[in-house]
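Structure first, then comments.
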Amino acid sequence: MSPEVLSQPVVDTVKTSDRAHSRARAARKRRIVVTAARVLLLVAVLGLWEALSRAEVIDPFNFSMPSKIWDQISTWVTHGTALGSLGEQIWYTLHEALLGWVIGVVTGVVFGIALGRITFLADVLGPYIKVLNSIPRIVLAPIFVIWFGLGPASKVASAVVLVFFPVFFNAFQGAREVDRNLVANARILGASDRRVTLQVVIPSATSWIFTSLHVSFGFALIGAIVGEYIGATKGIGLLVAQSQGTFNAAGVYAAMVILAVVALVAEGLLTFVERRIFRWKASGSDH
């Protein structure tokens, strides 16, 4: 065998390695550029807002300004709020949202998989689910306050109804989209309906379910905030209501900023978990 033939695999390996390094450098460069563009956009928007407010082009009483919003957040962090420490208010709202999110996700997945697998159940309950989904869920928050009082239960209920439907429909569609060949092969191997559901359907529907989790946690926060805004003893939603009642625009915006930070942190955690679970997707997309 000639030396040229022997050296060919080595050359191919070197070229493949070089291409991989080039792609990695290009990806890092793009991440840096995207991050810089995001920061510049944020700085530009905040700077323009501050300048327009100080020049009174927009009403600083109604629109406030970034410097006052920052001062309000600093005051809440250092001296607390009228309801107690800021951390206590954040945890109160986050606890309600998390509990409602977990309950909504579990019930949505269970009902979605069940109706996706059992056609008779889907035919019976389908019209009722469509009717419930057509009801604006936000208007249920006052009813929950009447039913469950001003405590956390009414906020958890508001979060549950907002989370349930997006998770349910994704889980239902994921169960319906399972490869029929996989199900048939599992049955040929003697798998029962229970094992098919647990070992074939649910793993196949996981990517559909995770897609809904990103959106649904934001819905859980909305449910908790709306419930607190209508009636509560603690929480970020009550801070918004009190700030609005005292015409403190900076307080309203400050609470919104805090909620945005909480939502972004939760989104980052969900994305991290999803990437760890679906690591095979990233590796598969490289080839």
Original post:
Could you give the distance from CG (D71) to CE (M65), rounded to the nearest 0.5 Å?
Top reply: 10.0 Å

Original post:
Checking ring-ring contact (aromatic ring centres under 6.0 Å, His included) against Y253, which of W70, F63, W49 comes through?
Top reply: W49

**OP:** Just say parallel, tilted or perpendicular for the rings of W91 and H95, cut-offs at 30° and 60°.
**Re:** tilted

Original post:
Nearest heavy-atom pair of F217 and A266: which atoms, and what distance?
Top reply: CE2-CB, 3.2 Å

Original post:
side-chain contact (heavy atoms from CB on, under 4.5 Å) between Y92 and E228: does it pass, once the steps are laid out?
Top reply: CA-CA 10 Å; Y92 197 80; E228 291 173 351; 3.9 Å; yes

Subject >> Test item: Q89 side-chain N/O and S85 main-chain N/O as donor-acceptor pair under 3.5 Å >> reply: yes

Original post:
Nearest 0.5 Å, what's the CG-CD1 distance between L238 and I225?
Top reply: 10.0 Å

Original post:
Where do S158 and G223 come nearest, in terms of heavy atoms and distance?
Top reply: CB-O, 3.4 Å

Subject >> Atom pair CD1/CZ of I113 and F172 - distance to nearest 0.5 Å >> reply: 10.5 Å

Original post:
Closest approach of L83 and G235, non-hydrogen atoms and distance?
Top reply: CD1-O, 4.1 Å

**OP:** Tell me yes or no: between the side chains of N248 and Q72, is some donor less than 3.5 Å from an acceptor?
**Re:** yes

**OP:** With rounding to the nearest 0.5 Å, note down the distance linking CZ in R23 to CZ in R28.
**Re:** 12.5 Å

**OP:** Work out which heavy atom in E50 is nearest to a heavy atom in S67; give both atom names and the distance.
**Re:** OE2-OG, 2.8 Å

**OP:** Supply the members, apart from V39, of the Ile/Leu/Val/Met/Phe/Trp/Tyr cluster built from side-chain contacts under 4.5 Å; use none for a lone residue.
**Re:** V43

Original post:
L221 and A263: which non-hydrogen atoms are nearest, and at how many Å?
Top reply: CD1-CB, 3.9 Å

Original post:
Just by distance, do the side chain of S134 and the backbone of V131 share a donor-acceptor pair under 3.5 Å?
Top reply: yes

Subject >> Linked hydrophobic residues, I103 as query - side chain contacts closer than 4.5 Å >> reply: L99, V156, V160

**OP:** Look up atom CD in E88 and atom OG1 in T93, then write down how far apart they are to the nearest 0.5 Å.
**Re:** 10.5 Å

**OP:** Can you establish whether the number of heavy atoms outside F111 located under 6.0 Å from its atom CZ is more than 12?
**Re:** no

**OP:** Decide yes or no on side-chain contact (heavy atoms from CB on, under 4.5 Å) for T107 and V163, but give the supporting numbers first.
**Re:** CA-CA 10 Å; T107 54; V163 170; over 6 Å; no

Original post:
Aromatic ring centroids of F164 and W101 under 6.0 Å?
Top reply: no

Original post:
Where do I58 and S53 come nearest, in terms of heavy atoms and distance?
Top reply: CD1-OG, 3.5 Å

Original post:
Measuring from I236:CD1 to I90:CD1, what's the distance to the nearest 0.5 Å?
Top reply: 5.0 Å

**OP:** Verify whether one side chain among W147 and S154 offers a donor that lies under 3.5 Å from an acceptor in the other.
**Re:** no

